[in-house]
Amino acid sequence: MPRPPIARLKEKHPVSYVVVATMIAKPGQEELVEKTLRDAAADVHAEPGCARWALHRKTGTTGHFVMVEKWESKEALHTHGKGAALAGIGRALKDALEGPADVAVFDALPAGDPEKGAL
């Protein structure tokens, strides 16, 4: 008997934690914010448990950035939050953002096609 779709999804995409972090640069600081985040990518990608750390900019803006992240475990996400790469980003951008980053953590809920229904 074939496995139910949700069981196949869980096998292919074990529980993970998705983070969406939104940052808005102060006027004139857009290039610094983008460069800082781009420069940190290699270090963050090398962190244990990092499955995705992808920078985006809101269409039609120059300073509205969104980072979409995926972490393999709660522990990996916690370690990232205390790590050197994030600390460096914080130091570099402490005066460059309109306010603190808006960070939301999500539990993955895979659905539908295993390749399309989960990050």
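These numbers come from the heavy atoms of this one structure, side chains and all, not from hydrogens, waters or symmetry mates. Just so you know, these numbers come straight off a predicted model, no measurement behind them.
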Original post:
Are there more than 12 heavy atoms of other residues, nucleotides or ligands under 6.0 Å from atom NE2 of His45?
Top reply: yes
Original post:
Do the non-hydrogen side-chain atoms of Met67 and Val19 ever get within less than 4.5 Å of each other?
Top reply: no
Subject >> OG1-CG distance between Thr36 and Leu55, expressed to the nearest 0.5 angstrom >> reply: 10.5 Å
Subject >> The single option from Glu34, His64, Glu30 passing side-chain hydrogen bond (donor to acceptor under 3.5 Å, both in side chains) against Arg57 >> reply: Glu34
Original post:
Excluding sequence neighbours, so at least two apart, what forms salt bridge (charged side-chain N to carboxylate O under 4.0 Å, His left out) with Lys35?
Top reply: Asp39
Subject >> Partners passing side-chain contact (heavy atoms from CB on, under 4.5 Å) against Ala84 (at least two apart in sequence or in another chain) >> reply: none
Original post:
What about Val33 and Ile24, same hydrophobic cluster or not, with Ile/Leu/Val/Met/Phe/Trp/Tyr joined at side-chain heavy-atom distances under 4.5 Å?
Top reply: no
Original post:
Ala87: what forms a side-chain contact (heavy atoms from CB on, under 4.5 Å) with it, not counting sequence neighbours?
Top reply: Arg91
Original post:
Who are the side-chain hydrogen bond (donor to acceptor under 3.5 Å, both in side chains) partners of Gln29, not counting sequence neighbours?
Top reply: none
**OP:** Taking all non-hydrogen atoms of both residues into account, name the closest pair between Lys26 and Asp95 and its distance.
**Re:** NZ-O, 3.3 Å
Subject >> Atom CD of Glu98: over 12 foreign heavy atoms under 6.0 Å >> reply: yes
**OP:** Could you list the residues that satisfy side-chain contact (heavy atoms from CB on, under 4.5 Å) with Ser73, not counting sequence neighbours?
**Re:** Glu75, Ala76
**OP:** Kindly write out the residues that satisfy side-chain contact (heavy atoms from CB on, under 4.5 Å) with Lys74, not counting sequence neighbours, or none if the list is empty.
**Re:** Tyr17
Original post:
Looking at Arg52 and Glu69, does any basic side-chain N land under 4.0 Å from a carboxylate oxygen?
Top reply: no
